[in-house]
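The structure under discussion appears below in the form of C-alpha cells.
Reminder, nothing fancy here: chain letters follow the sequence lines and each chain counts from 1. All figures in this text were calculated on a predicted structure; none of them were measured in a lab.
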There are 2 protein chains.
Amino acid sequence: MVVKKLKGADPLPVTARRQHKADAKAAATHPPARQRPLTRIQKEKQDIILEAALEVFSVHGFRGATIDQIAEVAGMSKPNLLYYFPRKEEIHRRLIGALLDTWLAPLREMDEDGDPFSEIRSYIRRKLEMARDFPRESRLFANEMLQGAPRIHEMIEVDLKNLVDEKAKILLSWMDQGRLARTDPYHLIFSIWATTQHYADFDVQVRAVLGKGRNGEGRFEDAARYLEQLFMHGLAPRPRNETKPGN
Amino acid sequence: MVVKKLKGADPLPVTARRQHKADAKAAATHPPARQRPLTRIQKEKQDIILEAALEVFSVHGFRGATIDQIAEVAGMSKPNLLYYFPRKEEIHRRLIGALLDTWLAPLREMDEDGDPFSEIRSYIRRKLEMARDFPRESRLFANEMLQGAPRIHEMIEVDLKNLVDEKAKILLSWMDQGRLARTDPYHLIFSIWATTQHYADFDVQVRAVLGKGRNGEGRFEDAARYLEQLFMHGLAPRPRNETKPGN
DNA sequence: CTAACATTTTTCCAACTGGTCAAAATTTCA
DNA sequence: TGAAATTTTGACCAGTTGGAAAAATGTTAG
C-alpha cells in the first residue's frame, strides 16, 4: 500500500470551515498520543467504534452520518467517542483504508499459473461471498464511489490501478494463449465487480424484485449459478451435455 | 404507476421531529396552491430547482445534501427555493418519482415478439446509454438503494417488481422455445442493471483504473463491445468467424 | 495507599440545518 | 394605470452537528 498518511493535505471536502484546535495540540493529555503502544482497552474501544461507524457510514455516507449516531450505536457518549477518534474524518479514513485491502484480496489471489476458467470462476465466487458476508463494507465503498471518492482518490489511482493493471496483463496472456475469449480485460474485471457487488449494494431492490417469498438466502446461490453460466457461456442456447470449457 | 400520493402516512425517517406548520396551512397565500394551474414561471423555477437538486442529491444522498447547497446551485436564496418546494423531502420525492419512470423505460421496450438476442442486446445498449447520458440520475437511484430505499419502497415493490415479473415471463418463454439459454431470468436482468449502471455509479473508479490516457469517452464503446460479447457468448474462447446467435 | 495516567461525563459552543414569516419587490391583468 | 396576485428577500428560530474544555472517575505501578 502506498497511501501515505496524508497529514494536512487532505481533500477537505466542504467541512474545511472551522479551524480545529486539535491540529495544533496533536498529542496533548489525550489518548491517541502517537507512538504510545496502544493499550488493550483502547484497541477494543476503537474496534467497537469502527464497527458502529461502518454501520452508519455504509448507509448514510460520510456527510449523512453523524457522530451522535455512531456514538449511540457504539454505546458510548459522543465526547467519549471523540476521545478515541478526535475527528469524524479520522474514523472514516480508517475504515476505508482497512477496507480496500481486504476488498481487493480476492483479486490478488487470481493466479497466473492456474486454469483461466477456474481462476475466474473462483474469483467470482469469492467476490459474491464478500457481497453476502460483508454487505456493509461493500456499501461503504459504493457510497464513497458515488461521491466521487474524495477521500480515497489516491488509493484507487495507485493501489487499485496497479493491481488491476497487473491482473489485466495475466488475463491478456491467457487470451494470447487462446485459453480465454479475446476481449477487454479491464471491462471483464469491471463486470465481475458490478455483478457481484450488486447483491450487496442493491440488496433491497434484489429482495423486492424477487419477492418476499422463500428466497431467504437462496438468492446468493442462484446468483452464483447464474453468474457462472453467464461468464462461462453467455446466454447463447446450447445443446444439453455440452462440455464446459476448462472444467 | 401505482405509487399513491402518500399524504401524511409517509415513512418520515428521522426528520419527523418538529411539527411543521405547512401541513396545516396547505394552501395559504403561498404558491403550490394545489389545483391552481401552475404558472409558466413556476414551472421554470421548479425545473431549475429539480435540476440543482439532482446535482446535489446524486452525490451526497438525501441526508448529506442541504437545502442551502441546492439553492446555491440553483442560483436562488434558500427561502425562495422553499417557496416552491416547502419541504426538502418534497424535492427528493419528485425527483425519484419522475426518475423511476424513465429509468425503466428501456426495460419496458423489451418486446416479446422480437428476436431474443437483439432484444437483449438493445436493452443493454439502451441502459448503457442511460448510464452515459444520465449518470446523475443513476447515482441518485443508487444512493437511494444504498440507504435501503426508505423513500421508495413502495415503488420498487409494486411498479418495479411487476414490470420485472412481466419481463421475466417473456425471458422464460424464450428459454422454453430454446431461443435463449435456460437460466434465471431475474438474475439475468440484475446482471444487466449491474454491469451497465456500474459505468455511471462507479465512474471515478472506472476512470481511475483505465488511467487518464486517451480513454476520454471511448470507455462506453469499449464497454458496449465487451458486454455484448459477454452476454452473447461468455468468456469461452471460440474459433474465428463463428456465427453469432440470432444476429 | 497514592501519584500518575487513562477514561468518562458534564457542560458548553459556534456553525449549520430545515424551515418560518412579514415585508418588499415584481409581475399580471382588468 | 393601479390593485391584486405572485415572487423574492432579509431577519429570525429552534434543533442539530462537530468539536472543546475541564472536571470527575477509574486504573495501575511503585
Measure the distance from [atom1] on [X] to [atom2] on [N] and round it to the nearest whole Å.
X	N	atom1	atom2	answer
A:I48	C:dT7	CD1	P	13 Å
B:I70	C:dC16	CD1	P	17 Å
B:D68	D:dT17	CG	C1'	14 Å
A:F85	D:dA20	CZ	P	16 Å
A:H92	D:dG19	NE2	P	14 Å
B:L82	D:dA11	CG	P	17 Å
B:M76	C:dG19	CE	C1'	17 Å
B:L81	C:dT20	CG	P	13 Å

[N] phosphate, OP1 or OP2, under 4.0 Å from [X] side-chain N/O:
X	N	result
B:N80	D:dT7	no
B:R63	D:dT17	yes
B:S77	D:dT9	yes
B:R87	C:dG19	yes
B:Y83	D:dT8	no
A:Q42	C:dT7	yes

Partners passing side-chain contact (heavy atoms from CB on, under 4.5 Å) against A:P135 (at least two apart in sequence or in another chain):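 A:R139, A:A200.
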Test ring-ring contact (aromatic ring centres under 6.0 Å, His included) applied to B:F57 - qualifying residues, sequence neighbours left out: B:F62, B:H92
Tell me whether [X] contacts the main-chain N or O of [Y] through its side chain, where contact means a donor paired with an acceptor under 3.5 Å.
X	Y	value
B:Q205	A:I156	no
B:K88	B:A65	yes
A:R63	B:H60	no

Which nucleotide wins on minimum distance to the side chain of B:Y84, given the candidates D:dA21, D:dT8, C:dG19? D:dT8
With a 3.5 Å cut-off and just heavy-atom distances, do the side chain of B:K78 and the base of C:dG18 make a donor-acceptor pair?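 Indeed there is one.
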Contact class for [X] (heavy atom, under 4.0 Å): base, sugar-phosphate, or nothing?
X	result
B:K45	sugar-phosphate
A:A65	sugar-phosphate
B:T66	sugar-phosphate

